[in-house]
**Q** 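Here it is, the structure in full.
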Amino acid sequence: MTNQYIPQIIEKRWQDKWADTELYRSKVDWSKPKHYALTMLPYPSGDLHIGHWFAMIPSDARARFMRMRGYNVLFPMGFDAFGLPAENAAVQRNIHPARWTYANIERMRKQLRTMGAMFDWKREALSCDPSYYRWTEWFFKQLYLHGLAYRGEALVNWSETLQTVLANEQVIDGKDERTGQPVIQKLMTQWFFSITKYADELLNFDKLDWPEPIKIMQTNWIGRSEGAKVIFKTESGDEIEVFTTRPDTLWGATFMALAPEHELVEKITSPEQQDAVQAYIEQAVKTTEIERASESREKTGIFTGAYAINPVNGQRIPVWIADYVMITYGSGAIMAVPAHDQRDFDFARKYGLKIIPVIQPEGENFDGDTMTEAYVGSGQMINSAQFNGTACSNAKGRKNPGINAVIDWLEERGIGQEDINYRMRDWLISRQRYWGAPIPMLHKEDGNLEVVSDADLPVLLPDDVEFMPTGQSPLVYHKGFLNTIASDGSPARRETDTMDTFMCSSWYWFRYLSPQYNAAPFDPEEAAYWLPVDVYTGGAEHATMHLLYARFFNKVMRDMGVFDDTAAAMKTRGRDPDALFDEPMLTLRNQGQILGEETIGHYVLASGRWESKKLIADKVEVIDRSDAPKEFDGAQGEIMRRTENILQVQTASDELTTIEVTADAQITIPTLGESCSVTQLQHHLEIQRMSKSKGNVVNPDEFVQLYGSDTVRTYLMFAFDWQKGGPWNSQGIKGPQRFLEDVWSIVVDPAKDGLAETEAETKAARNLRRKTHQTIQACTDSLETFSFNTYIAALMAFRNTLHSAKRSALYGSPAWEEAIETMLTLLAPAAPHISEELWMRSGHQYSVHQQVWPAFDPEIAAEDEISVGVLVNGKVRDRFTAPADISQEDAIAQAQDLPGVKRHIEGKRIVKAIYVTGRLVNLVAK
RNA sequence: GCCGAAGUGGCGGAACUGGCAGACGCGCACGACUCAAACUCGUGUGGAGUAAUCCGUGUGGGUUCGACUCCCACCUUCGGCACCA
């Protein structure tokens, strides 16, 4: 057994031992409290990158910490394996999506194992496996049978050229990124889930320990607004329903505006306006929703030629089409009140439409012709017939007296009624793609729909498919898949849409409970013990969609009775199931993103001939920046960008100079020698998200090979604020590397000149014990609050203490032994391999991971001497040490006696003296 | 554009509930070891100044005995915006 720390040897050995002894198998054990720790499952994109480690390692460390604190911990892993990239690979490289996906999963599994995480691989779940998507389909069916799945219309990115739907990420500047062909917004019939039915319940976060920003974002995403719906009739009798949050301003409605996609547009447009409207719609469909919703963008519209009657006063008002009205919100039509809505105001001014103020504060005298902006404040109703004089506050809905009165009146007259609208839309789950879970529906010849029977689930994706370069889903062409028969024997066509992958990831933590279970999505016996998820970790980029869908799904499952067996099983075990199925994950914490490393470009001296402002260089030399000559005949500076043989170099004057390197130029890079190629020149890389195309992806495997998994783990926890993330820096890893090597040598190497100390309570031993307990406290607090960097920092500081203690008489004393044992148990969650190895080497029983997290004693941790800073008028002037229990009077008296303080209070009067216990004295002198 | 967040030494970051800004580390400098380099060890390290001292947590204001922390306005960067996952 070597005394050298060689992570490459010990890590593999312990990983095997843990697997052999099933150290991380999580089994139901009702005698212990459970802890379900979940981290977002990865998409199998090909290689694990450092971002996956950053997400998973701290979660693993915390799961280990919980385990040491006596919990029976479940920490599973799987793959969210359906999705677009597999299909892109199929089109571009002619690989079947399944083959591509499973190969990636295999590779990533191996990489994941090198983490040394406590994943229980027996619980792995793959969303693209038929045994999994059988239940995804089953869930669809349940939602359908419970009236929560329906067909409706939604806008899609449509490529006329390819006759196919494009994902948002495939559309750049309104064009297909591959072909450059224009993309339009087209309405298409698709499947939806009625998430809006759960909107109000989703607004309730009472049971959740989730980050405040996430709750706010979800609340805003749902966007509940209270108001009224009112029916306007066109002169030809067509009804246009509008939703308004301001029924109190109905008398100020001077025009109506329909979304370009509104179904009435075609019908009500007058013959004279037909061509103009047609042309307008054609250009409007090219605009994305974000652009249309932008308030800074100039609003556009066109008159339909039709008029509607304002039901409250019989006024004849024009009906327009405007692109700031969204078909996806409300009814896709608005009543426009330019005097009191800025968007309507801008529109009215642009097109010369009437503006009638109907709310006016005390002391104002609004005139629609001269108003410069919409008035959105409180006031009294004017120009509103019998409502004139009614007060309108800033309150929303019924709480506003004006709105309240008007709604009552509308309801009495049957013109409108109170209504609530949500910004959130129903969940569109249809995807016109192959690589997703099939929607188990049949279209019968008579036009009716039929849901596939349970016995026929899952509807399998056919393997023998070919990807046409058109981009169309191959399911559409696959006769064997497409043609089937309905239950009555009549011919039927299968639904060719597949499901949104968010559907797969809306229930995966249930599948982890029993991935082989066949009778239901999950085994109620497992669920009764493990549910709900206690801690969920993942990126904040999932704030609204995934996390909202997950909550919705959980509530739907509850209401459909999917948890009934689980609740029954809980009861037989004496666990009260009440309210346990309202939310899927009780605690949520988000980590940030690891960005690419900033790299500095080569500093070059280039010489050749100038062509106006461009240098044609036949000689390029890379030099050290500090060796840069003051004057140089040519160009010098850092390479900021390089495209082929064109360099953009930042010169001393901070300008970019273009250098064209000739084909036969002599290029010298000191580390690589002479005659280098232009492609070996390194250019400056800014801090950006990692992506293959930018060439800034950090591969963790390299670092694991070089430093070992424990070092990479420790570094990732130490070097970043976990919630924030930040740019990767490969330099900083030296700190954690030295730290682990120090811990190793502290434990393994004999002390050079330490004396064995047996005497129990010398002052030095007391100090070491104090530090030991302070470290326990710091580590415990940090891990509880997900502050992984301060957890490691506390261990490093403890290392420093042990380092000097080792050279003192403390070495070998009981206090020393306690300290070492504590160090190894505290380190175990962060660096599981080295702590296991050292645990064994210091004569303990396998395994360190089955030890109890050390308890800290506040009395041992307490300082008996404190250092008090003394401030005069808020500025530090001196300090003194005192017993920790010094009284306020004594502290203030001592403070005034200090030489550094006297200097500053001389000739002044102390008007106030503040003592902050154990910290500082502030003297206010005048 | 809208919603959410962040901004602290050369760099990553720390700072309990408003209480001594810069813990812990990287880097750097000097010294020891070495023929030498690397490693390792020791010391120092926010900036300016010989010093007293002054300045300093994105910018500008405010509240307070005291502000990285609270309030107002602004700037920059990042995440999300419904078919990337």
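Letters go in sequence order (proteins before strands), and every chain restarts at 1.
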**Q** Going by the side chain to side chain contact (heavy atoms under 4.5 Å, CB included) test, name the single residue among R423(A), R292(A), R425(A) that passes it with M326(A).
**A**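 Checked R423(A), R292(A), R425(A) against M326(A); only one passes side chain to side chain contact (heavy atoms under 4.5 Å, CB included): R292(A).
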**Q** In this structure, how many angstroms lie between the P atom of A82(B) and the CZ atom of R292(A), rounded?
**A**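 These atoms are roughly 13 Å apart.
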**Q** With no hydrogens and no angle check, just 3.5 Å: does a side-chain donor-acceptor pair link R431(A) and T498(A)?
**A**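 No, T498(A) and R431(A) have no side-chain donor paired with an acceptor closer than 3.5 Å.
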**Q** Specify the separation, in whole Å, of atom CG of D721(A) and atom P of C78(B).
**A**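 D721(A) atom CG is separated from C78(B) atom P by 18 Å.
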**Q** Return the nearest nucleotide to the side chain of H803(A); candidates are G42(B), C84(B), C81(B).
**A**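 From the listed options, G42(B) comes nearest.
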**Q** Dot-bracket, RNA chain B: Watson-Crick or G-U, under 3.5 angstrom, [ ] crossing, | other strand?
**A** (((((((..(((......[....)))((((((.......))))))(((....)))..(((((..]....))))))))))))....
**Q** Decide yes or no, distance alone: a donor-acceptor N/O pair under 3.5 angstrom between the base of C3(B) and the side-chain of Q218(A).
**A**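 Absent.
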**Q** Does a distance-only test, which skips hydrogens and angles, find a donor-acceptor pair under 3.5 Å between the side chain of R919(A) and the base of C20(B)?
**A**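 Absent.
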**Q** Strictly under 3.5 Å: I want the nitrogen or oxygen pairs between protein and nucleotides 48-57 of chain B, one per line.
**A**
from, atom 1, to, atom 2, distance (Å)
U53(B), OP1, R903(A), NH2, 3.2
C54(B), OP2, R877(A), NH1, 3.2
C55(B), OP2, K875(A), NZ, 3.4

**Q** Has the side chain of Q170(A) got a donor or acceptor that lies under 3.5 Å from a partner of the other kind on the base of C83(B)?
**A**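 Such a pair does not exist between side chain and base.
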**Q** Send over the distance from Y549(A) OH to C84(B) P, rounded to a whole Å.
**A**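 In whole Å, C84(B) P lies 11 Å from Y549(A) OH.
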**Q** Base of C83(B), side chain of R433(A) - is there a donor-acceptor contact under 3.5 Å?
**A**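 Such a pair exists between side chain and base.
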**Q** Let me see the working for I910(A) and V924(A) under side chain to side chain contact (heavy atoms under 4.5 Å, CB included), right down to the final yes or no.
**A** CA-CA 6 Å; I910(A) 308 280; V924(A) 185; over 6 Å; no
**Q** With no hydrogens and no angle check, just 3.5 Å: does a side-chain donor-acceptor pair link Y329(A) and S225(A)?
**A**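 Side chains of Y329(A) and S225(A): pair found under 3.5 Å.
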